[in-house]
**Q** 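Input: one structure, supplied below.
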There are 2 protein chains.
Amino acid sequence: MHYQPDDTIVALATAHGNAAIAVIRLSGPNAIEIVERSFYSRSLKQKKISTKNSHTVHFGIIIHNQQIIDEVLVTVFKAPNSYTSQNSVEVSCHGSVFIQQQLLQLFMGAGARHAEPGEFTMRAFLNGKLDLSQAEAVADLISSNSAISHQVAMQQMRGGFSSKIKLLRDNLISFASLIELELDFSEEDVEFANRTDLKDLVSKIISVIQKLIDSFEVGNVIKNGIPVAIVGKPNAGKSTLLNVLLEDDRAIVSEIPGTTRDTIEDEITIDGVLFRFIDTAGLRTTTDIVEQIGVNKAYDVIKKSAIIIYLFDVHEISSGDLKLEEKMIKEHIKDSQLVLVANKIDVENINDLKNEFCDFPEVIYISAKENLHIDLLKQKLVHLFDTRTVNATDTIVTNARHANSLKNAEIALRKVFEGLNNNITGELLATDIRYALEELGLITGQVTTDNLLESIFTKFCIGK
Amino acid sequence: MHYQPDDTIVALATAHGNAAIAVIRLSGPNAIEIVERSFYSRSLKQKKISTKNSHTVHFGIIIHNQQIIDEVLVTVFKAPNSYTSQNSVEVSCHGSVFIQQQLLQLFMGAGARHAEPGEFTMRAFLNGKLDLSQAEAVADLISSNSAISHQVAMQQMRGGFSSKIKLLRDNLISFASLIELELDFSEEDVEFANRTDLKDLVSKIISVIQKLIDSFEVGNVIKNGIPVAIVGKPNAGKSTLLNVLLEDDRAIVSEIPGTTRDTIEDEITIDGVLFRFIDTAGLRTTTDIVEQIGVNKAYDVIKKSAIIIYLFDVHEISSGDLKLEEKMIKEHIKDSQLVLVANKIDVENINDLKNEFCDFPEVIYISAKENLHIDLLKQKLVHLFDTRTVNATDTIVTNARHANSLKNAEIALRKVFEGLNNNITGELLATDIRYALEELGLITGQVTTDNLLESIFTKFCIGK
């Protein structure tokens, strides 16, 4: 890695492949000059974009070695009014992979360096346009694939989470400075920081942090999808159900041509909530779920799932069987929710069925093959999520790194709290407070290390 | 198809998939207003982009149902200064598939229609920004994947080919109008159009058209790649050779991360020339090329190829064998070029080999496995192309539709020429001239039909 912020960097900013247009982005001290050098008007007069206003767009051709590479639109952004805060240029060219490469090579030949992943956003961070958790939200926003994950990332990018952490940290800093002051006068045995007030504050901060840590469970689910296992005996119709769920979803997505290839087979977004179906192949090979339940693999699937759909063929299972199956599964789940789904129903005698399974009022009756009542099942899934989650406008931690720092801060603050109860010295208090401050600072990037930055930004896509 | 040019259309203009940024493009009377309606500054004040100058860029957020969909850059293009000649807007958003879809749906909900393939370019054509052959070159430019195909498409897009056709047509029109004038005075038996001058002109035009038609053979090869067959006995090393050629190529391409997935396994660009390797699996299953040559499939492969590489293992074939093989292959090719390549050479005794095959001074000695002298083979391939092709700055026809119209125009003009020799009536001359004019007009779109436009623009990508 070589993040030299004074290099001029260049990268393709749009997705790879042929398309109507592609955008190549440059940022750095020479960004404008590098493009200007080969940018001409139709009449082959050089275009002096360096003399133009920021945020203006210019049509022209890019020429290299007497050959026209493309007709392009060039947008000029002048420091500090750009994403990175540096001089920046966006070159919008015809979306041919060949042209993209020619332009990249031309600009690299003229002194630009190919950007590392996330390097544009890293510059935005280093120049104070975003703090670290906001920068991380940019990557989350790009990979968000449901209304809720999108909303949480957007809130984080716009600083909702940062301001909360900053507030905690600022409160703590004012007390920390009083404690540090005591240390300077340590021989005089003074107490500038009121211990009772400090205890109140620390206990308040701990409770906020605790809430944030708890939100990570939901946040993680929002970001990665709610894990759902479909289990059941062979031929209960598990694959058919999964297909009908996926196909319904695809029909919505494919209103806009070409997006289908971006959906992942085992993920479904229902009402803006992402569900991730976990492969239950392990259960499919057995003839009896009771028999199979002892197998480790099946255990794992069920343990990893927040929701377990037990699907059964109404013609193959009796109310008594169902009671046994439900009991066995429930013995092996902890916090997960179990949904019983009766498949292969016949509309004509649905009332008979309901009679038969009257001990299970929660059973959802469907026909996966006939696409019957699938909506009811979907509603149920969304409802189960709603009862688990908090409001998405609350601050939710979605990032494992943040959750980890919060946990470390909490441990340190609990030590402070105990220390205050035991009247320990200011020196020891200060050590733990400093540690808590550092962990909170790591979240927003007020405290940072090269390794941390590298590990965050290498996960970005190139061009961002 | 419903190409209503007064609709406001919208489409994703960049490639599909998650990326740093994506661009959504709108064109039509309400393009600016539709975006303006949900476009706000950070302080939630609505941004009146309709009052801004053309070619300016504005940062802000897109809000729908009280939810922020994204922070975006909005570029305003005011009629007629846009690609389509209509009011246009480009919205540059975070490249999340989810956000792309949200924005598309928002703009469609606000009255925009999803664009048909090529509809933006079609509007550019209908509004006189491009003629038809230039519009077609836009699609060629986007799919161009070698320096030469790129150059030819660029020349065509910038009007090189159009102006040539227009010149031919204009010359013909001036004469045609004189002939038409004669028809008006037909009872008076006058001759406004000098028959000798007309004969000169027609013969000149025919020779230009003939040259253009001939260029299509090269043009087609430039656009689709030069077909190359690698044939030879099993274990001659054909796959190894293909792999080593492809791998070399990939190493160059992959300087820029992520582009590798766009290369097609069987195509190689060497020195800017695209070679397309035709699968010779049919030959691979036999033990002897002579035996196999009778099989139709093998014939086809060889017939379709411009270059045939006959690869042989120096340890398995004698000079006498080679003579027989060469004779058999040559009997079955017409215009194709045969390249004899000796594989599995040993550097130590290459001179012994050259002695053994001294009757074949053109043989190229390589070791595919050791990646030895592959460059020599590549140079040979490029050289064979150079001798076949004309200069890429000449006007080259790459489009089968254009070639077809040129052929039809030529037939009509030959009739005119014969007619002039046989002193046929002005009326008959006029019919054939009109036909030739129409065919030439079809190329540039001065003459056009809905079906023609549809068949051209449906081949475009969406968003262009």
Side-chain angles (χ1 to χ4, degrees), chain A residues 11-23 25 55-59 67-71 73 75 77 90 92 94-102 104-105 114 120 138 141-147 149-151 154-155 157-158 253 255-259 261-262 460-464, chain B residues 11-23 25 55-59 67-71 73 75 77 90 92 94-102 104-105 114 120 138 141-147 149-151 154-155 157-158 253 255-259 261-262 460-464:
Chain A
L12 177 70
T14 48
H16 289 283
N18 285 343
I21 64 169
V23 176
R25 179 190 258 186
H55 289 63
T56 55
V57 183
H58 309 276
F59 176 75
Q67 296 232 332
I68 297 171
I69 298 186
D70 202 5
E71 296 187 348
L73 284 174
T75 309
F77 300 91
E90 285 183 7
S92 172
H94 284 93
S96 134
V97 172
F98 181 80
I99 290 173
Q100 292 162 27
Q101 288 194 44
Q102 292 286 304
L104 284 174
Q105 255 141 19
H114 198 284
F120 292 91
V138 171
L141 189 67
I142 288 172
S143 62
S144 71
N145 49 8
S146 69
S149 64
H150 164 257
Q151 214 178 314
M154 179 62 73
Q155 204 214 10
M157 190 183 77
R158 292 179 59 78
V253 171
E255 271 174 28
I256 295 146
T259 49
R261 71 177 194 207
D262 299 306
F460 272 62
C461 54
I462 290 203
K464 191 68 219 175
Chain B
L12 178 69
T14 48
H16 289 283
N18 285 343
I21 66 171
V23 177
R25 181 190 256 184
H55 288 64
T56 56
V57 183
H58 308 276
F59 176 75
Q67 297 230 328
I68 299 171
I69 298 186
D70 203 4
E71 296 187 349
L73 284 173
T75 309
F77 300 91
E90 285 182 8
S92 172
H94 284 93
S96 135
V97 172
F98 181 81
I99 290 173
Q100 293 162 27
Q101 288 193 46
Q102 292 286 307
L104 284 172
Q105 253 142 19
H114 199 282
F120 292 90
V138 171
L141 189 66
I142 288 172
S143 62
S144 70
N145 50 7
S146 69
S149 65
H150 164 257
Q151 217 177 313
M154 179 61 74
Q155 205 214 9
M157 189 183 78
R158 291 179 58 81
V253 171
E255 272 174 29
I256 294 145
T259 50
R261 67 177 198 209
D262 300 305
F460 271 62
C461 55
I462 291 205
K464 191 69 220 177

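Values below: all heavy atoms of this structure, side chains included; hydrogens, waters and symmetry mates excluded. Every chain is numbered from 1, with letters handed out A, B, ... down the list of sequences.
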**Q** Using heavy-atom distances under 4.5 Å, tell me whether B:Ile99 contacts chain A through its side chain, its backbone, both, or neither.
**A** side chain
**Q** Is chain B contacted by the side chain of A:Ser146, its backbone, both, or neither, given a heavy-atom distance below 4.5 Å?
**A** backbone
**Q** Below 4.5 Å from any heavy atom of chain A, which atoms of B:Ala147 appear? Answer side chain, backbone, both or neither.
**A** both
**Q** To the closest 0.5 Å, what do you measure between CD (B:Glu90) and CD (A:Glu90)?
**A** 10.5 Å
**Q** For the backbone of A:His58 and the side chain of B:His55, can you confirm whether one donor and one acceptor N or O come within less than 3.5 Å of each other?
**A** no
**Q** Ignoring hydrogens, what is the shortest heavy-atom contact between B:Ile142 and A:Ala20? Give both atom names and the distance.
**A** CD1-O, 3.7 Å
**Q** Less than 4.5 Å apart, any side-chain heavy atom of A:Arg25 and any of B:Ile21?
**A** yes
**Q** Using 0.5 Å steps for rounding, measure from the CD1 atom of A:Ile69 to the NE2 atom of B:His150.
**A** 6.5 Å
**Q** When you measure from the side chain of A:His94 to the backbone of B:Val138, do you find a donor-acceptor pair of N or O atoms at a distance under 3.5 Å?
**A** no
**Q** To the closest 0.5 Å, what do you measure between NE2 (B:His16) and OG1 (A:Thr14)?
**A** 12.0 Å
**Q** Is it the side chain or the backbone of B:Thr75 that comes within 4.5 Å of chain A heavy atoms, both, or neither?
**A** side chain
**Q** Where is the tightest heavy-atom contact between B:Ala19 and A:Ala15, given as atom of each residue plus distance?
**A** CB-N, 3.3 Å
**Q** Quick one: what part of B:Gln102 sits under 4.5 Å from any heavy atom of chain A, side chain, backbone, both or neither?
**A** neither
**Q** If you tally heavy-atom pairs under 4.5 Å against chain B, which of A:Ser92, A:Gly463, A:Ser144, A:Ser96 wins?
**A** A:Ser96
**Q** Which atom pair, heavy atoms only, marks the closest approach of B:Glu71 to A:Arg158?
**A** OE2-NH1, 2.8 Å
**Q** Quick one: what part of A:Leu73 sits under 4.5 Å from any heavy atom of chain B, side chain, backbone, both or neither?
**A** side chain
**Q** Is there a side-chain contact between A:Asn145 and B:Asn18 in this structure, where contact means two heavy atoms from C-beta onward sitting under 4.5 Å apart?
**A** no
**Q** What option among A:Asp70, A:Thr56, A:Val23 has the most heavy-atom pairs under 4.5 Å with chain B?
**A** A:Asp70
**Q** Under 4.5 Å heavy-atom distance to chain A, tell me which part of B:Phe460 shows up: side chain, backbone, both or neither.
**A** neither
